[in-house]
Amino acid sequence: MPKPPRPTYRCTECGWETVKWVGRCGECQAWGSVAEAATAPAARQAATPVTTAAVPIGQVAVEDAAHRSSGVPELDRVLGGGLVPGAAILLAGEPGVGKSTLLLEVAAQTARYQHRTLYVTGEESASQVRLRADRTGGVHDQLYLAAETDLGAVLTHVEQVRPTLLVVDSVQTIGATGVEGVPGGVTQVKEVSAALVRMAKTRGITTVLVGHVTKEGSIAGPRVLEHLVDVVLHFEGDRDSRFRMVRAMKNRFGPVDEVGCFDLGPDGITAVSDPTGLFVEHHHAGVAGTCVAVTMEGRRPLLAEVQALATLSAQERPRRTTSGLDSSRLAMVLAVLQQHVGLKLVNHDVFASTVGGARLHEPSADLAVAVALASATLATPPPPGVVTMGEIGLSGELRRVRDLEVRLAEAARLGFKTALVPRPAGAPVDPRAEQPRTVEGMRVVEVPSVAAALHYLGLTARQARRLPLGD
């Protein structure tokens, strides 16, 4: 006599399964979310007749999977060329970051190219979406709008409209009849997403799903949701800034290291092809405590201004405050400046930030942070038109950064006159033997250490016009 199947327990929040009941989920750490899951009887899978025969891969046509422009160049850059028929795209982001505004712009641009588009909203009423479309100029005859929260109704609208592009905002608000759980739960999200992806593949409809995020910034729902779709995009930005970025986390049709830049304003969202102007205020004027860094966002070089301020502290433990920078990297740079440069800031409050809401997490910004700190402490501005790039090691040496030539070309294009970069291994150590090269008229100076970089810029205690504070 066969043994009955053992019961399983599943977390209603993330889908984690276990053979024993526990009070706390072992995956998402939620309390009271583990419940017994219904066990379906095992059945022998019969062979299913195939509808199309398998063919050699060289005979498969690729014309049906060609990219089509979305009408938004920055989004096309992230997607690897544009929208692909039958592709399933998941766009996630925090509430209010502008996901609906971006997708309504994509839907309007697609309709403007005479491609029928269906926009399904489950979070807003149709009149609310219409008001946003009037404000952003997104009203077109080929753009259809439906406010639905039932999966069957959504599929019926697809049958009637037969769109080229389908936008579902959001997948957590759509529920499937006959499936256990509430809309937004693990089981519902899996069923709704699977049905929409199957529809996209069989009918060749580009489908964009909007996903919610958790407090930690990850996509809400089961991880299988990210495996079902072809592309996973993260829409991110600071609430206090109009600057927005779309980053590809998964892309079956293009690179995953691309980012798109946007400006979210009262009239909608617009693409920003050259975002450097948002993050650099005055790179030609001499201002103490500032330095321009060149970082890479995906394949795109991005220039950002780093600002620093050092003041005598009245507290026993001086403050170390950052905005847009990694606090641990700042602490490391401060330790290197004290140990290898002699810049003592142990009794100073140190503040470091970026301009325009830029977030610099790449180690190549270390040298810019060091220059800004030395300039602020000595009250001496660095020479005008200088840009820096380089990772600082614990022994004070400068390490090479990736895509150096791309960074230099971007800095030269924007009018910088001098670039400080790490000296490659094996280069002559004698400064008299150094022959600076030029890149499109910009002087490129290679330095071996952060101390040499500060000495070249005249940011040491002997060269500065004023001594460090407290001396």
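All values reported here derive from a predicted model rather than from experimental measurement.
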Close side-chain approach of [X] and [Y], heavy atoms under 4.5 Å:
X: Asn347; Y: Leu312; answer: yes
X: Leu454; Y: Val341; answer: yes
X: Leu83; Y: His67; answer: no
X: Leu302; Y: Val294; answer: no
X: Thr207; Y: Ile89; answer: no
X: Val306; Y: Thr290; answer: no
X: Val106; Y: Thr117; answer: no
X: Val355; Y: Gln307; answer: yes

### Message
Could you go through Asp169 and Ser100, starting from their C-alpha distance and side-chain angles, then the distance that decides it, and tell me whether this counts as side-chain hydrogen bond (donor to acceptor under 3.5 Å, both in side chains)?
### Response
CA-CA 7 Å; Asp169 185 11; Ser100 300; 2.6 Å; yes

Determine the minimum heavy-atom distance between [X] and [Y], stating which atoms define it.
X: Val171; Y: Ser193; value: CG2-OG, 3.5 Å
X: Gln172; Y: Val189; value: CG-CG2, 4.3 Å
X: Lys250; Y: Val229; value: NZ-O, 2.8 Å
X: Glu74; Y: Phe262; value: CB-CZ, 3.6 Å
X: Leu303; Y: Phe416; value: CD2-CE1, 3.2 Å
X: Thr354; Y: Gly324; value: OG1-CA, 3.8 Å

Distance alone, cut at 3.5 Å: any donor-acceptor contact between the side chains of [X] and [Y]?
X: Ser364; Y: Glu362; answer: yes
X: His212; Y: Glu123; answer: yes
X: Ser70; Y: Asp76; answer: yes

### Task
Could you walk me through whether Ser33 and Arg24 pass the side-chain hydrogen bond (donor to acceptor under 3.5 Å, both in side chains) test, one step at a time?
CA-CA 7 Å; Ser33 61; Arg24 187 177 188 181; over 6 Å; no

### Query
Picking from Leu408, Leu367, Leu420, Asp403, what satisfies side-chain contact (heavy atoms from CB on, under 4.5 Å) with Met389?
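Passing option: Leu408.
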
Euclidean distance, [Y] [atom2] relative to [X] [atom1], rounded to 0.5 Å:
X: Met332; Y: Asp366; atom1: CE; atom2: CG; result: 4.5 Å
X: Thr321; Y: Asp349; atom1: OG1; atom2: CG; result: 7.5 Å
X: Cys261; Y: Glu297; atom1: SG; atom2: CD; result: 7.5 Å
X: Met296; Y: Leu404; atom1: CE; atom2: CG; result: 10.5 Å
X: Leu457; Y: Leu378; atom1: CG; atom2: CG; result: 11.5 Å

Using a 6.0 Å cut-off, check whether atom [atom1] of [X] has over 12 heavy atoms from anything other than its own residue.
X: Arg402; atom1: CZ; result: yes
X: Arg320; atom1: CZ; result: yes
X: Arg135; atom1: CZ; result: yes

### Message
Under the salt bridge (charged side-chain N to carboxylate O under 4.0 Å, His left out) definition, can you give me all pairs with a residue in residues 94-111, not counting sequence neighbours?
### Response
none

### Task
Would you please test His234 and Arg247 for side-chain hydrogen bond (donor to acceptor under 3.5 Å, both in side chains) and show each step?
CA-CA 5 Å; His234 273 263; Arg247 192 183 306 272; over 6 Å; no

### Residues that Arg244 engages under salt bridge (Lys or Arg N to Asp or Glu O under 4.0 Å), provided they are two or more places apart
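Expected list: none.
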
### Task
Give the intermediate values and the outcome of side chain to side chain contact (heavy atoms under 4.5 Å, CB included) for residues Arg300 and Glu410.
CA-CA 9 Å; Arg300 162 179 282 169; Glu410 179 68 9; over 6 Å; no

### Task
May I have the step-by-step check of salt bridge (Lys or Arg N to Asp or Glu O under 4.0 Å) for Glu391 and Arg400, ending in yes or no?
CA-CA 7 Å; Glu391 178 184 356; Arg400 299 279 290 182; over 6 Å; no

